[in-house]
Amino acid sequence: TKLDERYDPEGLTYDAANNRLLVICKEFAGKGYEGMKAIYAFDLGSRQLEEDPVITIDLDAFTDALASADHPVNTFVRRAIGGAMDMSGFLPSGLALHPQTRHLYILSSKRKAMLVIDLNGHLLAAWTLDPDLFPQPEGLAFLPDGTLFVSSEGRGGRPRLYRFDPL
């Protein structure tokens with residue numbers, strides 16, 4: 001595919017409803033998508049990567065929205081992380097599609113943070129991860145019942161795998 005080392009594709013998840021793989025790029029989003037992060041779709045039927053991203057994530061817009069008093073997740077984010085998160089350092093390292101809500105969970109190892117977006121790219125939730133528990137969060141996956149697994153490389157220590165049961 002065109003997703004070479006400039007794009008640095010890091011996260012991959014299966015979208016059964018659309019018979020495709022979703023791939024999130026850590027770095028370059030593609031020409032015309034500067035300042036954004038991109039999710040591309042690889043169609044399993046045609047075995048072709050769609051030319052343009054299926055979802056773009058404007059991190060500057062997320063930062064601005066989180067600072068707005070009327071953003072629906074603003075109260076949660078302010079309480080959880082003490083103010084609006086600067087998303088500029090958010091480099092995606094993991095991607096998972098929730099099997100029931102069909103929301104995308106995106107992990108950033110560098111920021112030690114996770115975002116939840118809908119399939120239109122709208123921010124639904126954001127939170128930071130404790131660096132003592134997640135020294136280098138790199139992967140996440142869901143079971144069919146919504147159980148979430150998050151893995152973290154050890155950064156010289158032991159790797160970790162956490163399980164979060166559905167509510």
Side-chain angles (χ1 to χ4, degrees), residues 1-78 80-81 83-129 134 136-142 148 150-153:
T1 71
K2 73 176 191 175
L3 301 181
D4 60 24
E5 65 275 353
R6 290 176 304 154
Y7 291 82
D8 196 5
E10 283 265 331
L12 176 72
T13 193
Y14 177 54
D15 178 3
N18 293 301
N19 194 35
R20 64 186 183 177
L21 297 174
L22 298 176
V23 183
I24 193 163
C25 299
K26 189 174 193 174
E27 298 291 343
F28 184 60
K31 188 175 180 181
Y33 300 102
E34 291 77 16
M36 297 185 172
K37 297 300 172 191
I39 299 174
Y40 285 85
F42 183 85
D43 185 282
L44 293 169
S46 68
R47 296 181 180 241
Q48 296 291 316
L49 182 76
E50 291 190 25
E51 185 64 27
D52 294 315
V54 292
I55 300 170
T56 55
I57 302 166
D58 184 339
L59 297 174
D60 289 338
F62 281 5
T63 298
D64 293 344
L66 290 171
S68 169
D70 62 351
H71 191 278
V73 299
N74 189 56
T75 302
F76 168 77
V77 171
R78 285 184 188 276
I81 64 174
M85 178 191 280
D86 174 6
M87 300 285 191
S88 61
F90 193 89
L91 300 175
S93 59
L95 178 69
L97 182 64
H98 192 285
Q100 293 150 355
T101 66
R102 298 196 38 79
H103 295 152
L104 286 166
Y105 285 61
I106 305 168
L107 192 61
S108 173
S109 181
K110 182 179 178 184
R111 289 287 292 171
K112 308 226 182 342
M114 189 179 304
L115 301 179
V116 180
I117 64 171
D118 64 20
L119 291 173
N120 295 314
H122 298 115
L123 179 64
L124 303 175
W127 59 91
T128 58
L129 302 173
F134 299 94
Q136 190 175 343
E138 293 284 349
L140 64 164
F142 284 100
L148 173 64
V150 180
S151 66
S152 183
E153 294 181 12

Colleague: Measuring from S108:OG to L115:CG, what's the distance to the nearest 0.5 Å?
Modeller: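 S108 OG to L115 CG: 8.0 Å, rounded to 0.5 Å.
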Colleague: Taking the side chain as everything from C-beta on, heavy atoms only, tell me whether T128 gets closer than 4.5 Å to K112.
Modeller: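 Result no, sub-4.5 Å side-chain heavy-atom pair not found.
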Colleague: Compare all side-chain heavy atoms of K2 with those of E51 and state whether any distance is below 4.5 angstrom.
Modeller: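 The answer is yes, as the side chains (C-beta and beyond) meet within the 4.5 Å cut-off.
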Colleague: Go through the structure and list residues passing side chain to side chain donor-acceptor pair (under 3.5 Å) with N120, not counting sequence neighbours.
Modeller: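 Per chain and number, N120 pairs via side chain to side chain donor-acceptor pair (under 3.5 Å) with no residue.
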Colleague: Looking at I117 and L124, what are the two nearest heavy atoms and their distance?
Modeller: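 Between these two residues, the closest heavy atoms are C-CD1, 3.8 Å.
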Colleague: Any side-chain heavy-atom pair from S109 and P137 closer than 4.5 angstrom?
Modeller: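 In contact.
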Colleague: If you take all heavy atoms of D118 and I55, which pair is closest and at what distance?
Modeller: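 Shortest heavy-atom contact: O-CD1, 4.5 Å.
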Colleague: Could you pull out the closest heavy-atom pair between V54 and A41, with the gap in Å?
Modeller: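 That closest heavy-atom pairing would be CG1-CB, 3.6 Å.
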Colleague: Mark yes or no for whether Y40, through its side chain, and A29, through its backbone, hold a donor-acceptor pair below 3.5 Å.
Modeller: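 Indeed, once roles are kept as given, a pair shorter than 3.5 Å links the two residues.
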Colleague: So, S152 side chain and Q136 main chain: donor-acceptor pair closer than 3.5 Å or not?
Modeller: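 Yes.
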Colleague: In Å, rounded to the nearest 0.5 Å, how long is the span from CG of L21 to CD1 of I39?
Modeller: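 One gets 13.0 Å once the value is rounded to the nearest 0.5 Å.
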Colleague: Would you mind reporting whether E50 and F42 have side-chain heavy atoms less than 4.5 Å apart?
Modeller: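 They are not in side-chain contact.
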Colleague: If you count the non-hydrogen atoms of other residues, nucleotides and ligands that lie under 6.0 Å from NZ in K31, is the total more than 12?
Modeller: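 Incorrect, the count does not exceed 12.
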Colleague: For N19 and Y14: C-alpha separation, side-chain torsions, deciding distance, then whether side chain to side chain contact (heavy atoms under 4.5 Å, CB included) applies.
Modeller: CA-CA 8 Å; N19 194 35; Y14 177 54; 4.1 Å; yes
Colleague: When you compare the side chain of F28 with that of D4, does any pair of heavy atoms fall below 4.5 Å?
Modeller: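 No; the side chains remain at least 4.5 Å from each other.
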Colleague: For E153 versus E138, what's the shortest heavy-atom pair and its separation?
Modeller: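 Nearest pair, atom of E153 first, then E138: OE2-CG, 3.4 Å.
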Colleague: With heavy-atom distances below 4.5 Å as the criterion, would you say the side chains of K37 and L91 are in contact?
Modeller: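 Answer yes - side chains close enough.
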Colleague: Within the 4.5 Å heavy-atom criterion, are T101 and V116 side-chain neighbours or not?
Modeller: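 No, too far: nothing below the 4.5 Å cut-off.
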Colleague: Just verifying a value: how many Å separate D15 CG and L104 CG, rounded to the nearest 0.5 Å?
Modeller: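 If we round to the nearest 0.5 Å, D15:CG and L104:CG are 8.0 Å apart.
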Colleague: Tell me, please, which residues at least two apart from D43 pass side chain to side chain donor-acceptor pair (under 3.5 Å).
Modeller: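 Per chain and number, D43 pairs via side chain to side chain donor-acceptor pair (under 3.5 Å) with S46.
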Colleague: Hey, what do you get for CG (L140) to OG (S151), rounding to the nearest 0.5 Å?
Modeller: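 Answer rounded to 0.5 Å: 7.5 Å.
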Colleague: Between L97 and T13, which heavy-atom pair has the shortest distance, and what is it?
Modeller: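 Smallest interatomic distance, heavy atoms only, reads N-OG1, 3.2 Å.
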Colleague: Test E10 against L95 for side chain to side chain contact (heavy atoms under 4.5 Å, CB included), laying out the working first.
Modeller: CA-CA 8 Å; E10 283 265 331; L95 178 69; over 6 Å; no
Colleague: Can you find a heavy atom in the side chain of F90 that is under 4.5 Å from one in the side chain of L107?
Modeller: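 A side-chain contact is absent here, since even the closest heavy-atom pair is not under 4.5 Å.
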